[in-house]
Amino acid sequence: MPVNAVPTKERIILGIDPGTTIMGYGVLRIIGNNPQLLTMGVLQLGKMGDHYLKLRRIFERTLGLIEQYHPDEMAIEAPFFGKNVQSMLKLGRAQGIAMAAALYRDIPITEYAPLKIKLAITGNGKAAKEQVADMLRRILHIPEENMLPQLDATDGLAAALCHFYQTNRPSLEKPYKSWKDFINQHPSRLSRETSPRKTYVRHKKSPDAEEE
């Protein structure tokens, strides 16, 4: 390296697509302004009948990824809020336990709505998962044979790439550095826990509102 050369800054971003049947993940290495794929994959949970054992596996796998790749930041997809309250609660727990693993290792977290991730990757907030996967393959120059059949993997990778794009913008969401920080940024979530129906109504509109 020349004497006056400035070292190229490198950082690692872990992206997580939470789920209680399949958890998708992707890891990017950023060198300067160039994102490179390190790994992507899925954690299969469908054969595990006990919900709490699933949560433990999510925590263990997320922590394992952190210890293996030493990410500087985590980007995680926000749960999609639908009409099934029980599914919403389980998905929220899956997200929370993955976040707990990152917070346990002092990894800053940024949460992104599904529509925002799709918009960042494809330019279309309502793009299909297949379109997101294909765009990721093109952007990151991933060989066709290395693409996985489970689109949860590319969803996790998309969260990481979305975070990379957003860090170049002044409107970046403020990351959570602790549970207290998370609660301070979302004080209304405490009261919403006791009213699932209101949670659905309020959150149903929020992802669309972000894209306006």
Side-chain angles (χ1 to χ4, degrees), residues 1-18 23-43 58-78 94-123 132-133 135-143 146-148 151-182 184-186 210:
M1 179 181 294
V3 176
N4 296 326
V6 178
T8 302
K9 184 177 180 181
E10 177 180 316
R11 63 186 173 122
I12 306 295
I13 302 173
L14 169 62
I16 295 288
D17 175 34
M23 182 189 85
Y25 60 85
V27 183
L28 289 178
R29 173 191 286 127
I30 312 299
I31 301 177
N33 289 317
N34 182 32
Q36 302 174 356
L37 174 67
L38 286 181
T39 190
M40 65 174 169
V42 295
L43 172 64
I58 291 170
F59 183 87
E60 292 172 344
R61 186 66 184 117
T62 305
L63 192 60
L65 289 168
I66 291 170
E67 292 175 345
Q68 181 176 359
Y69 294 100
H70 306 287
D72 301 286
E73 302 149 275
M74 174 193 277
I76 191 164
E77 182 174 311
Q95 185 207 34
I97 209 72
M99 293 170 66
L103 292 170
Y104 181 65
R105 293 300 189 201
D106 297 319
I107 307 295
I109 304 164
T110 306
E111 182 181 19
Y112 293 99
L115 288 178
K116 190 159 195 173
I117 294 175
K118 292 179 179 181
L119 183 63
I121 304 303
T122 69
V132 173
M135 188 60 69
L136 287 169
R137 182 182 63 81
R138 296 169 185 272
I139 294 172
L140 299 172
H141 307 290
I142 305 172
N146 291 350
M147 296 297 290
L148 301 179
L151 296 176
D152 307 83
T154 44
D155 282 351
L157 184 61
L161 188 60
C162 173
H163 183 65
F164 164 65
Y165 288 150
Q166 293 297 309
T167 52
N168 294 325
R169 301 177 183 178
S171 59
L172 173 67
E173 290 88 343
K174 188 176 180 181
Y176 316 133
K177 296 183 179 179
S178 66
W179 284 119
K180 182 178 179 181
D181 187 27
F182 177 78
N184 286 339
Q185 292 189 44
H186 302 281
E210 282 190 79

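Computed from a predicted structure; not experimentally measured.
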Original post:
Under 3.5 Å, is there a donor-acceptor pair between the side chain of Asp72 and the main chain of Ile12?
Top reply: yes
Subject >> Distance-minimising heavy-atom pair for Glu77 and Gln95 >> reply: O-NE2, 3.6 Å
Original post:
So, for Ile66 and Ala102, which heavy atoms are closest and what is the spacing to 0.1 Å?
Top reply: CD1-CA, 3.7 Å
Original post:
Can Gln36 and Asn34 be said to form a side-chain contact (heavy atoms from CB on, under 4.5 Å), step by step?
Top reply: CA-CA 6 Å; Gln36 302 174 356; Asn34 182 32; 3.2 Å; yes
**OP:** Would you name the heavy atoms of Asn146 and Met40 that are closest together and state the gap between them?
**Re:** O-CE, 3.7 Å
Subject >> Atom pair CZ/CD1 of Phe164 and Ile139 - distance to nearest 0.5 Å >> reply: 10.0 Å
Original post:
Do the non-hydrogen side-chain atoms of Tyr69 and Leu38 ever get within less than 4.5 Å of each other?
Top reply: yes
Original post:
How many angstroms lie between CG in Leu136 and CD1 in Ile121, if you round to the nearest 0.5 Å?
Top reply: 5.0 Å
Original post:
Under the side-chain contact (heavy atoms from CB on, under 4.5 Å) criterion, do Met23 and Thr62 qualify, and how do the steps go?
Top reply: CA-CA 10 Å; Met23 182 189 85; Thr62 305; 3.9 Å; yes
Original post:
So Lys116 and Gln166, side-chain contact (heavy atoms from CB on, under 4.5 Å) or not? Walk me through it.
Top reply: CA-CA 10 Å; Lys116 190 159 195 173; Gln166 293 297 309; 3.8 Å; yes
Subject >> Shortest non-hydrogen separation from His163 to Ala75 and the atoms involved >> reply: CB-CB, 3.6 Å
Subject >> Straight-line distance of Thr122 OG1 to Met135 CE, nearest 0.5 Å >> reply: 6.5 Å
**OP:** Calculate, to the nearest 0.5 Å, the distance between atoms CG and CZ belonging to Leu65 and Arg105 respectively.
**Re:** 13.0 Å
Subject >> Over all atoms of both residues, closest heavy-atom pair of Ala100 and Phe59 >> reply: C-CE1, 3.9 Å
Listed pairs under 3.5 Å, donor-acceptor, residues 24-33 side chains, sequence neighbours left out:
{"residue": "Tyr25", "atom": "OH", "partner": "Arg61", "partner atom": "NH2", "Å": "3.0"}
{"residue": "Arg29", "atom": "NE", "partner": "Glu10", "partner atom": "OE2", "Å": "3.4"}

Subject >> Interatomic spacing from CG in Leu43 to CG in Asp17 - rounded to 0.5 Å >> reply: 11.5 Å
Original post:
Thr167 versus Glu73: any side-chain heavy-atom pair under 4.5 Å?
Top reply: yes
**OP:** Could you grab the distance from atom SG of Cys162 to atom CG of Asp155, nearest 0.5 Å is fine?
**Re:** 12.0 Å
**OP:** Decide yes or no for Pro18 and Ile58: does some side-chain heavy atom of the first lie under 4.5 Å from some side-chain heavy atom of the second?
**Re:** no
**OP:** Mind running side-chain contact (heavy atoms from CB on, under 4.5 Å) on Thr154 and Met147 for me, showing each step along the way?
**Re:** CA-CA 8 Å; Thr154 44; Met147 296 297 290; 3.8 Å; yes
Original post:
Minimum heavy-atom separation for Met74 to Ile107, with atom names?
Top reply: N-CG2, 3.7 Å
